[in-house]
There are 2 protein chains.
Amino acid sequence: MAAQRGSKVALHRWIKEQLERKFGAGSLAPGQRLPSESEIMNSFGVSRHVVRLALAELAKEGVIHTERGRGSFVNPPKEIHPITSLTSYHTLMEERSLDASIRVLRNRPVTVTKALATRLGLVDGEQVVELIRVGRISGKPAVLMVSHLPYSLCKGLPARDMNTGSLYEYLEDECGLSLAYAENYIEVAFATREQARYLGVSPGSTLLLIEGLVYDQSGQPVEFSRVFYRGDRFKLFFESTKEDGVPGTKVRIGGRTSPL
Amino acid sequence: MAAQRGSKVALHRWIKEQLERKFGAGSLAPGQRLPSESEIMNSFGVSRHVVRLALAELAKEGVIHTERGRGSFVNPPKEIHPITSLTSYHTLMEERSLDASIRVLRNRPVTVTKALATRLGLVDGEQVVELIRVGRISGKPAVLMVSHLPYSLCKGLPARDMNTGSLYEYLEDECGLSLAYAENYIEVAFATREQARYLGVSPGSTLLLIEGLVYDQSGQPVEFSRVFYRGDRFKLFFESTKEDGVPGTKVRIGGRTSPL
DNA sequence: AAGTGGTCTAGACCACTAG
DNA sequence: TAGTGGTCTAGACCACTTT
């Protein structure tokens, strides 16, 4: 191999492009193993460092992933997921009942942190219910949902089995709350060690984060939620429709999940 | 320094945490320079490689950025931006008229690619208008907007100066189109060399991508757009309101941009 | 010219996986 | 045990920025 390494493009970028060309989607099926790092080293005649830089770049982009002691493998294409806000993950589950499930990791009262107290309009020392759930699709961890709710509004929540049932239905039907609106922020985040463990990715992986603050009809904050998706595995979908002269756009969340 | 490097956490991760603690937001103001790589090497007594791994991790997360020949610098916090779909960037400009602007990079007819033809319902060989614009906020590149529209629907577009005025207003007022709805996908992307140049980031940087396919009232595809935001600098904002028994959620796009 | 980050080599040891 | 990826060291040269 070796080939002409003309011009000024960095060697590891060039190697990355070669690997993408040879093993990218299409030429190698999802799940297939790439050559080992030492094999790539030899075939291109470069040091291990540049091979690792190239593979790391491909992994960051979600094209491949690596497993210690096993090798690097081609990833399947991204899943498409309707944006989750006020319409819960549970609603999605009902649509794809066969392969979606929820597992509760934590459901217990804790003392608020300062940042949480500000968001939920609580004072220092108050209690909130911390509800942490992992949503699985086809058995694989897909989404990490972290919710915090004022304990005073849902004292019965920690005792409740949230492995089934919608959180929002519970809040409305059994806590007498009437959810009205939410402010949401979508951003890129990176997996902490704990999040990485739950989502089955390596620490520092790219995540899509939807942060939401849900309000009661009285304007009282009811839930602060953070929903983490694997950035290499998901697209968020929403459908928007334009209505008359309104200086904004109406969006229906939770449209179809058909492929692009 | 050196300190106890007990247990099993990787050295570069530990260094990263130390740096974050010492120089993270709060202790060092945005724009301030961090110690050089060799200074960090010496102060921790580690090799340059682990220092670079730690700095790269911080850069990926948007905490810092590095400039060749100059050093590493603390980043300002993320901007908050309402989701752009059907309501154009131009609308945002009007809201913050002082510091937002658009610059057109390309506006010309080209032959469709296969992927584009599929999305826009065109046949091979047809022409589309390629409109590429960079939105700036406070003079700095903020968002890269890449639009493709069937040439037959807007023959006058390439001759039009799109540095001012809204694309959607142009389509409705001067092309006789009535925009109805759009399908949108939000995902993580990574900057190509070209995108990186336009956005003032390094290749491979994390981006937030909104892909949108906008339809006419007759159901005809009118525009395929891709809007790229710097992932380390932006949050997308939307507000959702729940309405009666609809199995979905109404979202008003383009709410206020007040800070979290 | 001096200092900075960007790239690359060579070699080592470790942790994990699989036969 | 052999092979894999994960981590780390030491040293080198280059491209770029600043003085």
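Because only heavy atoms are used, hydrogens play no part in the values below, and waters and symmetry mates are left out as well, while side chains stay in. Keep in mind that what you see is a predicted model, and the values were worked out from it rather than measured.
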Closest nucleotide among D/dT4, D/dT7, C/dT7 to the A/Arg52 side chain: D/dT7

Length of the CG-C1' vector between B/Leu53 and D/dG6, whole Å: 10 Å

Considering only distance and modelled atom types, tabulate donor-acceptor pairs under 3.5 Å from the side chains of residues 47-54 of chain B, sequence neighbours left out.
| from | atom 1 | to | atom 2 | distance (Å) |
| --- | --- | --- | --- | --- |
| B/Ser47 | OG | B/His49 | N | 3.4 |
| B/Arg48 | NE | B/Glu37 | OE1 | 2.9 |
| B/Arg48 | NH2 | B/Glu37 | OE1 | 3.1 |
| B/Arg52 | NH1 | B/Glu37 | OE2 | 2.9 |

- line: Among the nucleotides D/dT7, C/dG5, D/dG6, whichever has the atom closest to the side chain of A/Glu37 is D/dG6

- request: Please report, rounded to the nearest Å, how far the P atom of C/dT4 is from the CE atom of B/Met41.
  value: 12 Å

statement: Across all chains, not counting sequence neighbours, the ring-ring contact (aromatic ring centres under 6.0 Å, His included) partners of B/His12 are none

- line: Sequence neighbours excluded, the answer for ring-ring contact (aromatic ring centres under 6.0 Å, His included) partners of A/His148 is none

- line: A/Ile15 CD1 to C/dC8 P, in whole Å, measures 9 Å

Spacing of A/Lys60 atom NZ and A/Leu55 atom CG [to the nearest 0.5 Å]: 14.0 Å

- prompt: Rounding to a whole Å, what distance do you find between A/Phe44:CZ and C/dC8:C1'?
  reply: 16 Å

query: For B/Glu61, which residues count as a side chain to side chain contact (heavy atoms under 4.5 Å, CB included) partner, sequence neighbours excluded?
result: A/Phe190, B/Lys16, B/Glu20, B/Glu57, B/Val63

field: Under 4.0 angstrom between B/Thr66 side-chain N/O and C/dG5 OP1 or OP2
entry: no

Angle between terminal axes - the helix from C/dA1-D/dT18 to C/dA18-D/dT1, 5 pairs each end, rounded to 10°: 10°

query: How many Å lie between CH2 on A/Trp14 and P on C/dT7, as a whole number?
result: 17 Å

field: Length of the line joining A/Asn42:CG and D/dG3:P, which is rounded to integer Å
entry: 13 Å

query: Hey, what do you get for CG (A/Asp232) to NE2 (A/His65), rounding to the nearest 0.5 Å?
result: 9.5 Å

task: May I have the distance from A/His65 (atom NE2) to D/dT4 (atom C1'), rounded to whole angstrom?
output: 13 Å

field: Residues A/Glu130, A/Arg226: salt bridge by 4.0 Å N-O rule
entry: no

query: Closest heavy-atom contact between A/Leu207 and A/Arg230?
result: CD2-CA, 4.0 Å

Footprint string (nucleotides 9-19 of chain C, 5' to 3'): B base within contact, S backbone only, - free, heavy atoms under 4.0 Å: B--B--BBSS-

- prompt: Is the distance from OP1 or OP2 of D/dT4 to the nearest side-chain N or O of A/Ser38 less than 4.0 Å?
  reply: yes

- prompt: About how many Å separate CG of B/Leu144 and CZ of B/Phe228, when rounded to the nearest 0.5 Å?
  reply: 6.5 Å

